Amino acid sequence: PEGSVDLVERITASFSQPMVPLWSLPKLDRVDAPMSVKPELPGRFLWLGTDTVAFEGETRLPLATKFEVDVPAGATSVLGQRLEKGFSWAFETARPTVTSAHPYHKSTGAALDVTITLVFNTMVDVEKILKWVELRDDRGRRVDLAPQLAIVTRDGRDVVLKETKRAEYKPARKLRRDTTYEIVVKKGLISAEGPLPSLHRQKFTFKTYEPLRVDKISCHWNDQCPAGYPITVEFNTELADQKDKHLISVETIPAGLTD
């Protein structure tokens, strides 16, 4: 690859002539590869045919990292021709960025104790990146955030998971209702995979739920209420207890009473 790329599993270099005999392919190892990669990573060099050498990492290449690849002069093909001039190039993997957030951007009706969730394209340290993450209300007042570290079980033991693609935070205090908040992820954020920082500031807004109100009351078709048909009451937000019979009362008009 060249330039800026996302996910990379293999680095390759192709020559104009065959570099190894076909019969030797299964026996070649790293010392036979006329190519080096910096920074060094766990993995192996292999030949893809007789004219293309490749490096494969044990896992995908880490993101937010600049790689330098070098093919030195002096490499000799099976035809006896030498590479007169070395060839080098560089590329970098994707820098950290938020791919989704919860509450969703421009969403409404968020709970006052909502968990702020940021999903990244790369692994991050939930505690370390907090200095790049802010929550502010519509008056610009900052709300402190507390990292919510996931716990996983490995080999029968509970392990705190600090590095993940999903960072969760709880506001230090309850949010105010009917208020717009802004989540800001400042540029310069460093991930847990590589040293290259994020290049752009990102922001996401959401609004907490409004005071409860009735939006609509309807009864069957065209507000006619035949016997046996339900009366529907629509609120602006979901009710905590939808089975509370004391929330709604129905009063009947005595027989014979008219307007």
Side-chain angles (χ1 to χ4, degrees), residues 1-100 118-129 131-133 161-167 185-202:
E2 295 180 286
S4 180
V5 294
D6 289 327
L7 299 180
V8 179
E9 297 182 355
R10 177 183 290 172
I11 301 171
T12 61
S14 296
F15 298 85
S16 60
Q17 297 181 9
M19 300 297 291
V20 292
L22 186 61
W23 59 265
S24 66
L25 292 180
K27 301 180 180 180
L28 297 178
D29 56 22
R30 179 170 179 164
V31 298
D32 302 296
M35 181 174 73
S36 63
V37 178
K38 292 181 180 180
E40 293 187 2
L41 297 171
R44 62 171 183 155
F45 286 88
L46 68 158
W47 287 90
L48 307 176
T50 59
D51 60 0
T52 299
V53 65
F55 172 78
E56 286 186 347
E58 291 182 356
T59 60
R60 66 161 175 80
L61 300 190
L63 298 186
T65 303
K66 180 179 179 180
F67 290 90
E68 296 178 348
V69 187
D70 180 61
V71 178
T76 305
S77 73
V78 294
L79 303 179
Q81 299 293 314
R82 290 171 56 85
L83 186 65
E84 297 296 333
K85 185 179 179 181
F87 183 78
S88 301
W89 75 97
F91 67 93
E92 65 178 47
T93 47
R95 296 177 183 237
T97 186
V98 177
T99 59
S100 66
L118 299 173
V119 179
F120 290 84
N121 64 330
T122 175
M123 300 289 284
V124 296
D125 186 307
V126 178
E127 293 178 321
K128 289 182 178 180
I129 68 167
K131 64 181 178 180
W132 289 286
V133 179
L161 196 63
K162 290 187 177 182
E163 294 185 1
T164 175
K165 287 187 175 182
R166 182 185 181 93
V185 181
K186 294 180 284 188
K187 71 175 183 179
L189 182 145
I190 303 295
S191 74
E193 292 195 36
L196 296 181
S198 62
L199 296 176
H200 306 287
R201 176 180 182 267
Q202 294 180 273

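It should be emphasised that the depicted structure is a prediction, and the values quoted were computed from it without experimental measurement.
- Within 6.0 Å of CD in Glu163 there are more than 12 heavy atoms belonging to other residues, nucleotides or ligands.
- The shortest distance between side-chain heavy atoms of Val69 and Phe87 does not fall below 4.5 Å.
- Annotation: the span from Leu41 atom CG to Glu58 atom CD amounts to 9.5 Å, rounded to 0.5 Å.
- Minimum heavy-atom separation, Pro34 to Trp47: CD-CZ2, 3.5 Å.
- By the 4.5 Å heavy-atom criterion applied to side chains, Leu46 and Phe55 are not counted as neighbours.
- Note that CG of Leu61 is 11.5 Å distant from CZ of Arg10, once rounded to the nearest 0.5 Å.
- Across every non-hydrogen atom of Thr50 and Pro21, the tightest pair is CG2-C, 4.3 Å.
- Across every non-hydrogen atom of Ile129 and Ile190, the tightest pair is CG2-O, 3.7 Å.
- Contact of the Lys187 side chain with the Leu199 side chain is not registered, since no non-hydrogen atoms from C-beta on lie closer than 4.5 Å.
- Phe91 and Trp89 have their aromatic ring centers separated by at least 6.0 angstrom.
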Original post:
Which is it for Arg60 and Glu193 under the salt bridge (Lys or Arg N to Asp or Glu O under 4.0 Å) test, yes or no, and what are the steps along the way?
Top reply: CA-CA 11 Å; Arg60 66 161 175 80; Glu193 292 195 36; 2.8 Å; yes
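- Atom OG of residue Ser14 and atom CE of residue Met19 lie 11.0 Å apart, to the nearest 0.5 angstrom.
- Note: Glu68 CD to Lys38 NZ = 7.0 Å, rounded to the nearest 0.5 Å.
- Using a 4.5 Å heavy-atom threshold, the side chains of Leu48 and Thr12 count as touching.
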Subject >> Worked verdict on Lys162 versus Val126 for side-chain contact (heavy atoms from CB on, under 4.5 Å) >> reply: CA-CA 6 Å; Lys162 290 187 177 182; Val126 178; 5.8 Å; no
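- The shortest heavy-atom contact between Gly49 and Val20 is O-CG2, 4.3 Å.
- Leu189 places a side-chain heavy atom less than 4.5 Å from the side chain of Phe120.
- Taking the side chain as every heavy atom from C-beta outward, Phe67 and Val8 never approach each other to under 4.5 Å.
- With a 4.5 Å cut-off on side-chain heavy atoms, Leu7 and Leu63 count as touching.
- Side chain to side chain, Thr65 and Glu92 fail the donor-acceptor criterion of an N or O pair below 3.5 Å.
- Looking at heavy atoms from C-beta onward, Thr93 lies out of side-chain contact with Asp6 at the 4.5 angstrom threshold.
- Between atom CH2 of residue Trp132 and atom CZ of residue Arg201 there is a gap of 16.0 Å, rounded to the nearest 0.5 Å.
- Side-chain atoms of Asn121 and Thr97 form no donor-acceptor pair, as typed in the model, at a separation below 3.5 Å.
- Of the charged side-chain nitrogens involved, at least one lies within less than 4.0 Å of a carboxylate oxygen, so that Glu56 and Arg44 count as a salt-bridged pair.
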